[in-house]
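Bear in mind the structure is a predicted one, so any value in this text is a computation, not a measurement.
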Amino acid sequence: MEISDENLKLEEKKGDYWLLKTEPAEWSWDDQAANGGVSNWDGVKNKQAQKYMKSMKLGDLCFFYHSGAKSRRVVGVVEVVREWYDEGEAVDVKAVGEMRAAVGLAEMKKELKGVEFALFRQPRLSVLPVEKGVFDNMPH
């Protein structure tokens, strides 16, 4: 499934936006899209990243970002379908859609030049907030 305005309903969206990073060898977009597209996002040990996850609310949208030397790119969007739960130290997310074309880190830096984006400031953090303006201007 590709991402479309119909899938995202950006004009109606009132929640927050996030970026979730994963190594494709650990958890890929194909893994996420399988099983109805729903999975728990767990294994985050960094306290700041966990704090961000605890702030996520139902309906928040997240860029699904493949990290690693060869894979730094946004490949899809997921929606928070279950807020933080302690027993799994996780949130549950559901695939909304795959990007029409993956958006690489170099392309983001070029397109978003001069824009404040947490990914550029804290590139090692696995969960990051995304400003609405950044989310809306990312080529979907």
Side-chain angles (χ1 to χ4, degrees):
M1 164 177 28
E2 282 189 357
I3 294 176
S4 68
D5 287 340
E6 190 174 302
N7 293 84
L8 296 179
K9 298 183 176 91
L10 292 176
E11 285 72 34
E12 299 172 23
K13 181 72 176 99
K14 303 285 189 239
D16 291 324
Y17 303 92
W18 307 93
L19 182 136
L20 301 174
K21 289 169 45 177
T22 180
E23 296 265 346
E26 286 184 33
W27 190 254
S28 71
W29 179 255
D30 289 339
D31 294 328
Q32 179 64 46
N35 195 32
V38 178
S39 68
N40 62 347
W41 199 272
D42 61 1
V44 175
K45 301 298 181 209
N46 179 282
K47 295 299 180 195
Q48 181 63 49
Q50 284 183 349
K51 180 180 172 185
Y52 288 142
M53 289 175 65
K54 290 175 183 179
S55 298
M56 292 177 174
K57 301 293 180 215
L58 291 178
D60 284 358
L61 296 175
C62 314
F63 284 128
F64 189 101
Y65 183 89
H66 278 168
S67 60
K70 298 178 182 179
S71 301
R72 291 179 285 213
R73 63 187 194 265
V74 174
V75 296
V77 173
V78 295
E79 178 181 1
V80 176
V81 294
R82 181 178 178 192
E83 295 176 8
W84 177 267
Y85 50 102
D86 289 328
E87 66 273 12
E89 294 189 333
V91 296
D92 288 353
V93 294
K94 180 177 182 174
V96 172
E98 191 170 2
M99 302 297 270
R100 289 185 191 109
V103 182
L105 182 60
E107 182 182 351
M108 279 187 261
K109 286 182 176 181
K110 182 179 174 187
E111 291 292 320
L112 301 171
K113 188 175 178 109
V115 174
E116 192 66 25
F117 187 18
L119 178 63
F120 303 156
R121 284 190 331 274
Q122 296 178 295
R124 298 183 63 93
L125 217 52
S126 62
V127 179
L128 295 162
V130 175
E131 294 292 325
K132 182 177 184 344
V134 171
F135 194 92
D136 290 346
N137 291 309
M138 186 75 64
H140 307 69

Knowing that exactly one of Phe135, Phe64, Phe63 qualifies, which makes a side-chain contact (heavy atoms from CB on, under 4.5 Å) with Leu19?
->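 Looking at Phe135, Phe64, Phe63, the match for Leu19 under the side-chain contact (heavy atoms from CB on, under 4.5 Å) is Phe63.
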Under the side-chain hydrogen bond (donor to acceptor under 3.5 Å, both in side chains) rule, collect the residues that match up with [X], sequence neighbours excluded.
X: Asp31; value: Ser28
X: Arg124; value: none
X: Ser39; value: Gln32
X: Tyr65; value: none

Do [X] and [Y] touch side chain to side chain, with heavy atoms closer than 4.5 Å?
X: Met56; Y: Val93; value: no
X: Tyr52; Y: Val44; value: no
X: Leu119; Y: Leu105; value: yes

Under a 4.5 Å side-chain heavy-atom rule over Ile, Leu, Val, Met, Phe, Trp and Tyr, are [X] and [Y] clustered together?
X: Val38; Y: Val77; result: no
X: Val81; Y: Trp84; result: no
X: Val91; Y: Leu125; result: yes

Taking all non-hydrogen atoms of both residues into account, name the closest pair between Val78 and Ala95 and its distance.
->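 Scanning both residues, the minimum pair turns out to be CG1-CA, 3.9 Å.
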Between Ala118 and Pro129, what is the shortest heavy-atom contact and its length?
->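 The pair with the smallest heavy-atom distance is CB-O, 3.7 Å.
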Do the side chain of Thr22 and the main chain of Trp27 share a donor and acceptor less than 3.5 angstrom apart?
->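 Answer holds: yes.
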Do side-chain atoms of Asp60 reach the backbone of Asp16 as a donor and acceptor pair under 3.5 angstrom?
->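 Yes.
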Sequence neighbours excluded, every pair satisfying salt bridge (charged side-chain N to carboxylate O under 4.0 Å, His left out) that has a member inside residues 72-90 =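 Non-adjacent pairs meeting salt bridge (charged side-chain N to carboxylate O under 4.0 Å, His left out): Arg82-Glu87.
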Pairs touching residues 39-53 that satisfy salt bridge (charged side-chain N to carboxylate O under 4.0 Å, His left out), sequence neighbours left out =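 Every candidate salt bridge (charged side-chain N to carboxylate O under 4.0 Å, His left out) pair involving residues 39-53 fails, so no pair, neighbours aside, qualifies.
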Pairs flagged by ring pair (Phe, Tyr, Trp, His ring centres under 6.0 Å) wherever residues 92-130 is involved - sequence neighbours left out |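 Matches after skipping sequence neighbours: Phe117-Phe120.
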CA sep, side-chain torsions, deciding dist, call: Val80, Trp41, side chain to side chain contact (heavy atoms under 4.5 Å, CB included) = CA-CA 10 Å; Val80 176; Trp41 199 272; over 6 Å; no
If you measure only the distance, is there a donor-acceptor pair under 3.5 Å linking the side chains of Tyr17 and Asp136?
->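 There is no such pair (donor and acceptor under 3.5 Å, judged by atom type) between the side chains of Tyr17 and Asp136.
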For Ala33, what residues pass the side chain to side chain contact (heavy atoms under 4.5 Å, CB included) criterion, not counting sequence neighbours?
->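 If we apply the side chain to side chain contact (heavy atoms under 4.5 Å, CB included) test to Ala33, skipping adjacent residues, the hits are Trp29.
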To the nearest 0.5 angstrom, please state how far the [atom1] atom of [X] sits from the [atom2] atom of [Y].
X: Asn46; Y: Met53; atom1: CG; atom2: CE; result: 11.0 Å
X: Lys21; Y: Ser71; atom1: NZ; atom2: OG; result: 12.0 Å
X: Leu128; Y: Gln48; atom1: CG; atom2: CD; result: 9.0 Å

